[in-house]
Amino acid sequence: MPELPEVETVRQGLTKLVGGAKIDSVEVLYPKMINMPADEFASQLAGQTIERIDRRGKYLLFRLTNDLTLVSHLRMEGKYEVEPAGSTRPKHTNVVFHLDDGRELWYKDTRMFGKMALVANDAVMELSGLNKIGPEPTADDLSFTYLKERLHKSHRKLKAFLLDQSQVAGLGNIYCDEVLWMSKLHPEQPTNYVSDAEIEKLRDNIITEIAAAIKGHGTTVHSYSNAFGEAGQFQNQLQAYGRKGEPCRRCKTLMEKIKVAQRGTTFCPKCQVVHGDLSD
DNA sequence: GTTAACGCCTGAAGGC
DNA sequence: TGCCTTCAGGCGTTAA
């Protein structure tokens, strides 16, 4: 499932593969995933050049000519693939972009969760909801002051807070479990009782974990692969996610799995303990 | 205003 | 073997 590091890996791959490519025509095979009638979508994209591909949080932004941006969210299993024209398309190919150089860019999504929106550049932030997204998980954007203020203002469980894209951009289920384990914080810890020292540690771990995952080209869980069809390498470094019943890599206690905010959550019951005050 | 729960989807895995 | 149920989950929408 793509989280920020996977989306960034896809962005880099797509930039090399289709940056500068011109779109001849578009076939929409699953109209529900786009924000307008399929024929309108196709006619607006015909003749456009992909000038650049940006990313904000987990959203891909295809910058096109004529001041248009194609906003794409992969959700659970969305993938892009580039093949020669006429190649046999796999099941669940939702959108086909016919390029003028004899290639096709496919958007595939087995779970059909992904979304695409074609919007004017000056309306991108508003119409696609990007204006509600929190800071990127980097040292420059995610400050201690901001994180502390948001955490202490909230009364939620820590994992629910971290999954909320309006608080911090880019964290999904896997990296939440990872950074909470690294920070020795319980996923159900109330956010308003996280101490300064814990916030500093949490912030550091978010920033370093995401950076390391980007460097390792993302995590492979289930069927994720990047735009080149390569599997990410980062799954070999997972410490918490998916390790239910296995010994904690710090204290050897068996890892447990619970549900937090409707998500499967793996943690160490010894290292990660809920506390109700601000002491460390 | 804030937080929790639901629905969208398909395929894999488990139970019988 | 084959059918049925459960589970996986990001996020927009709806409810509390």
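Sequence lines set the chain letters: A, B, ... in the order given, protein chains first and strands last, and positions in each chain run from 1.
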J.: Any donor-acceptor pair under 3.5 Å linking the side-chain atoms of A/Ser72 with those of A/Tyr80?
T.: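 Yes.
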J.: Identify whether a stacking contact exists between A/Phe113 and C/dC11, where the ring centres must be under 5.5 Å apart and the planes under 30° apart.
T.: no
J.: May I ask you to say what A/Lys58 touches in the nucleic acid, namely base, sugar-phosphate or nothing, with a heavy-atom cut-off under 4.0 Å?
T.: sugar-phosphate
J.: Please give, in whole Å, the distance from B/dT10 C1' to A/Asp109 CG?
T.: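 Nearest whole value for this atom pair: 10 Å.
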J.: Looking at every strand, decide which applies to A/Tyr30 at a 4.0 Å heavy-atom threshold: base, sugar-phosphate, or nothing.
T.: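 Sugar-phosphate, backbone atoms only, no base.
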J.: Using only side-chain N and O atoms of A/His92, determine if any of them is under 4.0 Å from OP1 or OP2 of B/dG11.
T.: yes
J.: Report the distance from atom CE of A/Met76 to atom P of B/dG7, rounded to the nearest whole Å.
T.: 18 Å
J.: So, A/Arg63 versus A/Thr69: side-chain donor-acceptor pair below 3.5 Å or not?
T.: yes
J.: Can you say whether a donor on the side chain of A/Arg156 sits under 3.5 Å from an acceptor on the base of B/dA4, or the other way round?
T.: no
J.: Side chain of A/Arg111 only, heavy atoms from C-beta on: which candidate in C/dG10, C/dA8, B/dA5 is closest?
T.: C/dA8
J.: Measure from the side-chain heavy atoms of A/His155 and tell me the nearest of C/dG12, B/dT3, C/dG10.
T.: B/dT3
J.: Among side-chain atoms of A/Ser166 and A/Asp164, is any donor-acceptor pair under 3.5 angstrom?
T.: yes
J.: If I take atom NZ in residue A/Lys91 and atom P in nucleotide B/dT10, what distance separates them, rounded to the nearest angstrom?
T.: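 Rounded to the whole Å, the gap is 9 Å.
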J.: What nucleotide, of B/dA5, C/dG10, B/dA4, holds the atom closest to the side chain of A/Gln262?
T.: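 It is B/dA5.
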J.: Please work out if A/Lys257 contacts a base, only the sugar-phosphate, or nothing of the nucleic acid, heavy-atom cut-off 4.0 Å.
T.: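 Answer is sugar-phosphate: A/Lys257 comes under 4.0 Å of backbone atoms only.
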J.: By the 4.0 Å heavy-atom rule, please label A/Glu3 as base, sugar-phosphate, or nothing.
T.: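 Answer is nothing: A/Glu3 stays at 4.0 Å or more from every strand.
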